[in-house]
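Quick note: numbers below take in every heavy atom, side chains included, and nothing from hydrogens, waters or symmetry partners. This structure is a prediction, so every number in the text was calculated from the model and none was measured.
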Amino acid sequence: MNDSALITTGLPIALAIIMFGLGLSLTTDDFRRVTRSPKAVVVALVLQVLVLPLVAFGLVKLFDLDPLLAVGVMLLAASPGGTTANLFSHLFRGDVALNITLTAINSVLAAITIPIITNLAIDHFDAQGDLGLQLGKVVQVIAIVLIPVAIGMAVRRRSADFAARADRPVRIFSIVVLVIVSAGALLGERENLADYMQQVGLVTGIFCLASLTLGYAGARLLRLDKRQAIASSMEVGIHNTTVALTIALSVLDSTEVAIPSAVYSVLMYVLATAFGYLITRRHSDAEKSLGQPAG
């Protein structure tokens, strides 16, 4: 799978289109909105950029993963939230404007955090012989993550109508690419799939639940309102696994590194839906009980 033109050329192009579509949904106001709710933005970013990699590292060490799978989990932890987080936030009545702001900032930060965290993981887990993010590859990561977003934003500034028309097709395209790449990564390692699932299935499941819980509980502990807490939960818990898969397959040239993200891309939809339903139902039940007359 790694050597096919679909992976080496097609996948980076597909990701560039997805990130271009992300840029079409953003404006400079999304970055300026930080000043209106700085506390909510800082809480979510600290959780995503600093806390999640530490959680992932702890899980990797606890489960004693194979070095390449360990690097894959750390790459997953470094990948940003994406537009899917915005959709889930909307579904469960979160603060979508906050999600959009976080997505805008994350799309910029990811170009820096992904190479740093991935390189540290490669060094720590002694995977230098198989992997390496040399300068040229770091530039490639920046190019496929950041430049299409900037172009998309520029296009939206010139033609908001085109941006609006392109939104739905690009979202559908994103889902199709994610399904194809995830299935391809899993099928490419089908001989080892049972072993990988045994190793990373539980790790990625725990990591997903921990991410969603930290995003929500952290926000609530710091007295953000419920809508902001839901937005934080979805942004922190739902990663842009297409970015992680593209970097694993086309930049690092390793299907094994892609496996954690491929597994996560399946689990996160199920777990995020269940988590969102749980917190919104609990809140609804609490409101009903408060609204009932005493005695």
Side-chain angles (χ1 to χ4, degrees), residues 1-4 6-12 14-15 52-53 55-80 82 110-111 113-145 177-208 211 239-268:
M1 182 180 179
N2 305 48
D3 299 326
S4 71
L6 178 66
I7 295 304
T8 56
T9 305
L11 187 53
L15 179 63
L52 283 196
V55 171
F57 182 75
L59 287 170
V60 163
K61 299 296 280 187
L62 179 65
F63 285 86
D64 192 26
L65 290 189
D66 171 87
L68 293 179
L69 292 176
V71 171
V73 172
M74 296 308 297
L75 171 59
L76 169 65
S79 65
T113 57
I114 289 176
I116 290 174
I117 292 173
T118 305
N119 264 325
L120 288 173
I122 291 169
D123 288 339
H124 180 83
F125 295 109
D126 198 24
Q128 296 96 327
D130 301 297
L131 307 171
L133 270 179
Q134 298 89 3
L135 179 60
K137 292 185 176 181
V138 171
V139 172
Q140 188 178 345
V141 172
I142 293 171
I144 62 178
V145 172
V177 169
L178 177 60
V179 170
I180 292 172
V181 174
S182 298
L186 294 172
L187 288 172
E189 290 288 317
R190 57 187 173 276
E191 293 179 1
N192 304 310
L193 188 56
D195 185 42
Y196 289 159
M197 288 297 291
Q198 186 177 0
Q199 291 185 63
V200 302
L202 186 57
V203 172
T204 52
I206 293 172
F207 179 64
C208 184
S211 302
H239 292 265
N240 190 336
T241 49
T242 311
V243 170
L245 286 164
T246 303
I247 292 169
L249 293 170
S250 65
V251 179
L252 296 177
D253 194 28
S254 172
T255 306
E256 193 171 345
V257 173
I259 292 297
S261 294
V263 174
Y264 193 94
S265 68
V266 176
L267 291 177
M268 70 179 183

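Distance check: D64 CG to L59 CG gives 13.0 Å after rounding to the nearest 0.5 Å. With rounding to the nearest 0.5 angstrom, the OH atom of Y264 is 12.5 Å from the CG atom of L245. F125 contributes atom CZ, which lies 11.0 Å from atom CG of L68 (distance to the nearest 0.5 angstrom). Rounding to the nearest 0.5 Å places CG of D253 at 14.0 Å from CD1 of I247.
Between S254 and L249, the closest heavy-atom pair is O-CD2, 4.0 Å. In terms of heavy-atom proximity, E256 sits nearest to L69 at O-CD2, 3.4 Å. Smallest separation of non-hydrogen atoms from V60 and A70: CG1-CB, 3.3 Å.
You'll find the side chain of I114 reaches within 4.5 Å of the side chain of V243, heavy atoms only. For the pair T118/L252, a side-chain contact is recorded, criterion being any heavy-atom separation below 4.5 Å from C-beta on. In this structure, L52 and S211 have side chains that are in contact, with non-hydrogen atoms separated by less than 4.5 Å. In this structure, the side chains of V200 and F63 stay at 4.5 Å or more apart for every pair of heavy atoms. Between I117 and P53 there is a side-chain heavy-atom pair separated by less than 4.5 Å.
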Would you tabulate the side-chain donor-acceptor contacts of residues 72-80 under 3.5 Å, counting partners in other chains and residues two or more places apart, or write 'none'?
{"from": "S79", "atom 1": "OG", "to": "L76", "atom 2": "O", "distance (Å)": "2.7"}
{"from": "S79", "atom 1": "OG", "to": "H239", "atom 2": "ND1", "distance (Å)": "3.4"}

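By the side chain to side chain contact (heavy atoms under 4.5 Å, CB included) test, L120 is found to be paired with I116, residues two or more places apart in sequence or in another chain being considered.
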